[in-house]
Amino acid sequence: MATVELSHITKKFGSVTALNDVSFTVKDGEFFVLLGQTGAGKTTTLRVIAGLEKQDAGEVLFDGVPVNDVTPAERDTAFVFQYYSLYPTMSVYDNLAFPLRAPGRNLSEAEIKQRVHEAAERVRITHLLQRSTRNLSGGEMQRVALGRALVRRPKIFLMDEPLSNLDAKLREALRIELNRLQREAHSTTLFVTHDQIEAMTLADRVGVLREGVLVQVGTPREIYDFPATTFVAKLVGVPRINLYNAARADGMIRVPDSTIQLPAPMHVGLPESFTLGFRPEDVQITPDGDLSGQITLLEPLGVETIVHIRSGRQSLLSTVSGIADFSIGSEVRYRIVRERLHFFDRKTGRRLSLN
Amino acid sequence: MAVSTTSAPITYATRVDKVGARYQFTRALRIAVVVLYATISLIPVFWMVTAAFKSRPDVVAIPPKVFFTPTIEGFISLLTKRVLLPPGMMEEYKQRTDLNFAERIMAERGQRITGPSQYGQRLLNSVIVASASTVLSVLLGVLAAYAFSRFNVPGKGDLLFFILSTRMLPPVVVTIPIFLMYQQLRLYDTHLGLILLYTVFNLSFAVWLLKGFIDEIPREYEEAALVDGYSRLQAFRKVVLPQAITGIAATFVFCLIFAWNEYAFALMLTSERARTAPPSIPTVLGTGGIEWSAIAAGTLGFLVPVIIVTFALRDYLLRGVTFGALRK
Ligand SMILES: Nc1ncnc2c1ncn2[C@@H]1O[C@H](COP(=O)(O)OP(=O)(O)OP(=O)(O)O)[C@@H](O)[C@H]1O
Ligand SMILES: [Mg+2]
């Protein structure tokens, strides 16, 4: 186990800047999730850490020691790849044993056998050990891939969207298992995903990556409650956050083309025009709400219902728990929780810190 | 607790699109075409095999005999040197009791065996030259192909084109310069000379063919091995090679067939010591006239090794010659 630090890493592929001055630290025993959309540079980050790709600038440090000239083999990381994770010509057992048989590890076959079985048990694939990898199901393959990472005790686990090729049910099951494995082993893990639910549920801390730039690092709660930019605000949270261009006048916040208006907070520093955000769960439908609108759509999900409300020419989302018995077209009154408003700069999208 | 869930293979016969009358008909048509083609291309082979077992009068009989009494005269003529017995000595020779099986047969034809022919030696030369050059081509080819496939070799495109361009002119064009060069270098009539030459010719082919196969193997596999604690070379050996085996087998067979069949250079660049089978078979002249059955027997013996290798590698070849287009 170790800490892994990236310091001002830049990586270009020709004219594409895959990573632009990225710095963050994965602490010892921490589950760090890098969240970003496709092409954000997530895989590139992992490859730089594993030593498969050499950064153009910056340093990677393991336990404070730069590893720039250390080979992938000596870096001692375990990499679960996004695709093609298993050696197709080997059985499941041999796949698990392969890292242990690496020259320099000098383990006896008996020892290897024991460790393979241990790892197989932890990811529940003992019954698959003698199978060839060819006709495993997607879920089984990903378990084997995880097992292959677990079989030795590397400095850091690097996982590149290991759950992304699975169907929803399986993904959920494996997510829970990953959570359990991490809790048992307390291994330093850097997990990459484009799925905000995985990020929120698994992470000790999340780093949000956008077009090669690290936008925000924080606990899931910090990311959710204090998104650094409108991009982060939109990236996390389902259903998505309500965002509007808004203006401040006469001590009130108004959203143009709608009846939404709220008293402006007493803070200084709020410009006249800005981007206003509030999450659907902070739009509370109650008979004594001070705002009103018309219901245009209902999405009953079971646990909650997403209510689409129209206000003037704007629409906003609200959630109510359970299956709500509203009817489409009816008028509702609602209230927006004042303490949980988000303000962003209109131009840069950055969060405005009001004090 | 072994819960093994073996997934049943798809039985294609039950696929809906494969039971219709139309499908059945086109299938029958396809089979008919293949059978016809196979028959036509097998006629020369059949001709050769029968000729090898025919006696001297049978082999030149017109119309050709399909039914005949097989004899191994041809094989004996191929493998031996003989002299014609003067008519006076014939009876006396035939009476001798120490004649072996082969000598007895040849005595019937009025010939006395004086010793073994060079055919065995030449076939052995062929085996040495073809296998050494093939192994060398595939070995160097797979390493070069891997490098071209995975690394930023400076001037990669130009190099690959240059390698290909060695195939662009007909080999015969360069036989004279090579002949002169080989005499200077003392490579004339040596195994090494032919091995080097065939390797050069096969290498371009091997590099291009193998590069195609290696390009198709995702590099994640080797990278996983690198991260797992292996060096580049070990990863190549343990992870890439097993996956490239079809391509290697296909390349191997192609190179082998080229080296095995090569005629022009072998004729020009060898005389006694290193002469291979192809240029020597047509020169099996008998005592008085062309020994057709000996030539047929020689060609038959020449075919057998390639057939064995091709047959041994046929599973790989089927996927190999379709250049990876046909998967499992
Ligand atoms: N070997 C390469 N050559 C050229 N460009 C590359 C290479 N690898 C990555 N890139 C580019 O760098 C950027 C970041 O790629 P990366 O694979 O890190 O994205 P990602 O976040 O992992 O995306 P995804 O979610 O689709 O896997 C992309 O624009 C990609 O096209
Ligand atoms: Mg990726």
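Residue numbers begin at 1 in each chain, while the letters A, B, ... track the order of the sequences. Values reported hereafter were calculated over all heavy atoms of this structure, with side chains retained and with hydrogens, waters and symmetry mates removed.
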Is the number of heavy atoms from other residues, nucleotides or ligands within 6.0 Å of [atom1] ([X]) greater than 12?
X	atom1	answer
B:F151	CZ	yes
A:K12	NZ	no
B:R167	CZ	yes
B:F161	CZ	no
B:L169	CG	yes

Exercise. How far does CZ of A:R101 sit from NZ of B:K238, to the nearest 0.5 angstrom?
Worked result: 8.5 Å

Exercise. OH of A:Y87 to CD of B:E220: how many Å apart, nearest 0.5 Å?
Worked result: 11.5 Å

Exercise. Taking side chain as C-beta onward, heavy atoms only, is B:D228 less than 4.5 Å from A:R148?
Worked result: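 Yes, close enough: below the 4.5 Å cut-off.
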
For this session: Can you tell which part of B:V239 gets under 4.5 Å to a heavy atom of chain A, answering side chain, backbone, both or neither?
Result: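 For B:V239, side-chain heavy atoms alone lie under 4.5 Å from chain A.
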
Exercise. Given that the side chain runs from C-beta out, which part of B:A235 has a heavy atom under 4.5 Å from chain A: side chain, backbone, both or neither?
Worked result: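 For B:A235, neither part sits under 4.5 Å from chain A.
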
Please give me the minimum heavy-atom distance between [X] and [Y], naming the atom from each residue.
X	Y	result
A:P88	B:Q243	CG-OE1, 3.3 Å
B:V227	A:L52	CG2-CD1, 4.0 Å
B:G229	A:A102	O-CB, 3.6 Å

Problem set entry | Side-chain donor or acceptor of B:Y230 paired with backbone N/O of A:F98 under 3.5 Å |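 Such a contact is found between B:Y230 side chain and A:F98 backbone.
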
For this session: Examine whether an atom of A:T77 lies under 4.5 Å from a heavy atom of chain B, and if so say whether it belongs to the side chain, the backbone or both; otherwise answer neither.
Result: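 Both parts, heavy atoms under 4.5 Å.
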
Problem set entry | Partner chain B: residue of A:S137, A:G51, A:A78, A:A73 with the largest heavy-atom pair count (under 4.5 Å) |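 Between A:S137, A:G51, A:A78, A:A73, the count favours A:A73.
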
